[in-house]
Amino acid sequence: MIRRQVQHTNVLITPRDHLQPTQVLIPPRNHQQIPEFNLQLKEQECLSSLKRCKNMEEFKQAHAQILKWGLFWNSFCASNLVATCALSVWGSMAYACSIFCQICEPGTFQFNTMMRGHVKDMNYEEAVLVYADMLERGIEPDNFTFPALLKAGALLRALDEGMQIHGQILKLGLHDDLYVQNSLINLYGKCKKIELSYVVFETMDQKSVSSWSAIIAANASSGLWSKCLTLFGDMISEGFGEPEESILVNVVCACAHLGALQLGKCAHGSLLRNISSLNVIVQTSLINMYAKCGAIQEAVSLFKKMPDKNQLSYSAAISGLAMHGQGREALKLFSDMLREGLEPDAVIYVGVLSACSHCGLVDEGLQFFEQMKSEYGVEPTIQHYGCMVDLLGRAGLLIEAYDLIKNMPMKPNDVVWRSLLSACKVHQNLEIGETAANELLQSNSKNPGDYLLLSYMYARTGRWEDVSQVRTELADKGISQAPGFSSVEVQRKIYRFFSQDVKWPHHDGISDMIHQMEWQLKFEGYVPDTSQVLLNVQEDEKRQRLRGHSQKLAIAFALLNTSRGSPIRVTRNLRMCSDCHTYTKYISLIYEREITVRDRNRFHHFRDGTCSCNDFWLLT
DNA sequence: CTAGGGTTAG
């Protein structure tokens, strides 16, 4: 009662309350006549009618009720009023702001509500401004303030501000709050400061599922895929049993990047066990995972079973098929999509054109390129031009590809020149190749692959001085080639091999195996292709180098450690050399194994001495 | 007295 009286006084002296419900405010002498329970009853009524609101109309009525009974001056009622308006799906932040301005002394709760509302509406700067306002007015933030504020900071990628806020959190002693910590992990993760995420994560004395989720997502956004899987394992062993959807999606995504099919399947199983119906996003990420892990049949059957597909699901399936050299099937899916009435967008066309280029479907590619603009009004972007250069280049139409680049409406980028350069390498056109390479080197390319392509072409024609010239240039610019590696999954563990890797613990076994394999291969007619070695050294040395290529080590290890006849899956970070390609074809024949190799760009399915790419990529 | 963290695909 006393509090209400104080508030009434407030009302009378506040100048800005033009919504003041004067007639209801009880003058002191009548005050006794209104029984206490009556006001409390009204308060209850108003709050429950607020809760029942389903749209703005009903909300305005509830608002009117609150004003009518003078309950707006009850800070609890006003808070709920603002919160309902700011946070409901049907609400309006503009209206909430106008209510907020009428509150004569907004406190922490009301400020928190406004911040959450702005975050919900994706007005992140606005949320930060509310926080600034709050500090200016001397309202102390509490542990509920920071999750919303840090979320805004994370989405704005505002690292500096985020760190200042972290400082304030420490000053206020709120760094022990689980929610605040989780938000900090997320903030640093989004800002790609994974070390800082770890600092928070490791100092937590209690972790929730969301803490794990946040740290796994942080690693995912920095592309640290194998770390994601390790953390996932740690999480399970710390007793967080069957995990939830968002974590599993990150795990599935990590599996796609790493080519870890077994683990991906486990995550799929876990999703099926724990989530009653998988949404489009989850299903699409599963399709993507199966496709990128080489299990294209599973990806396709999953896709066929999907009840509601969208452009993104089609896109995942189309580019998956393209990657596996099944261009025709990809194009069939595309026509299915059009028949379903889904509008093709720019990204779908990237998939479609790359399907054509992966399979050498030149005429179809040109047709789609024409059609996308004329029939569907999709303006070709540089990516589409990139696909076309790739398509023409791989088919050996180097002059046409070069002409297309010259006539592009935009400035050609590195990707375009790189496609042309690699086509020139394949078709051994040093002249156009040098032009493309010069463009790349002038653009200050930091991609060591460009220099490598050029070196190959020089090495091929015996221009060793030029090879070493390129190498010097690489060194001068301080560019280092990422070491090539191949990984294989054996009993749910990923083993990674680097070229010439002698530090491997079972190296002896592998090196014996390599010799045995080579002996058998030679028996069948394999001849090492030493032109793939970019060093001007003796033939013997070149052969020794070839033997040590990471893919051969990985296959040797897999042959030693998996049962007879079981398929082998290899994932590489770079494209394979043509010697490894030939070698693997022989292995698939002699050891009667199906071998799937995921390259930087696509899959190669080796079986009975042939490869699904029909050697289209390796014409050297 | 109320409330909060992650949101993934091509």
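Lettering of chains follows the sequences in order, A, B, ..., and the numbering in each one begins at 1.
Close placement of the A/Y349 and A/F334 rings is indicated, their centers lying within 6.0 Å of each other. The aromatic ring centres of A/F303 and A/Y314 sit less than 6.0 Å apart.
In this structure, the CG atom of A/L231 is 18 Å from the P atom of B/dG6, given to the nearest Å. Rounded to an integer number of Å, the gap from NE2 of A/H384 to P of B/dG10 is 16 Å.
Checking B/dA3, B/dG4, B/dG10 against every side-chain atom of A/P147, the shortest atom distance belongs to B/dG4.
Heavy atoms of A/S319 sit under 4.0 angstrom from primed sugar atoms or phosphate atoms, though from no base atom. A/L178 comes within 4.0 angstrom of a base, heavy atoms only. A/S246 comes within 4.0 angstrom of a base, heavy atoms only. At a threshold of 4.0 angstrom between heavy atoms, the contacts of A/A217 are confined to the sugar-phosphate backbone, with no base atom among them.
Residues in residues 333-343 of chain A take part in these salt bridge (Lys or Arg N to Asp or Glu O under 4.0 Å) pairs, two or more places apart or across chains: A/K332-A/D336, A/D336-A/R339.
The aromatic ring of A/F76 does not sit over the base of B/dT2; the criterion of centres under 5.5 Å apart with planes under 30° is not met.
Take A/M410 and apply the side-chain contact (heavy atoms from CB on, under 4.5 Å) test, not counting sequence neighbours, and it matches A/I382, A/Y385, A/M408.
No option in A/W90, A/F59, A/F100 other than A/F59 meets the ring pair (Phe, Tyr, Trp, His ring centres under 6.0 Å) test with A/Y95.
Contacts between residues 330-351 of chain A and DNA chain B, counted as heavy-atom distances below 4.0 Å, involve A/D345, A/V347, A/I348.
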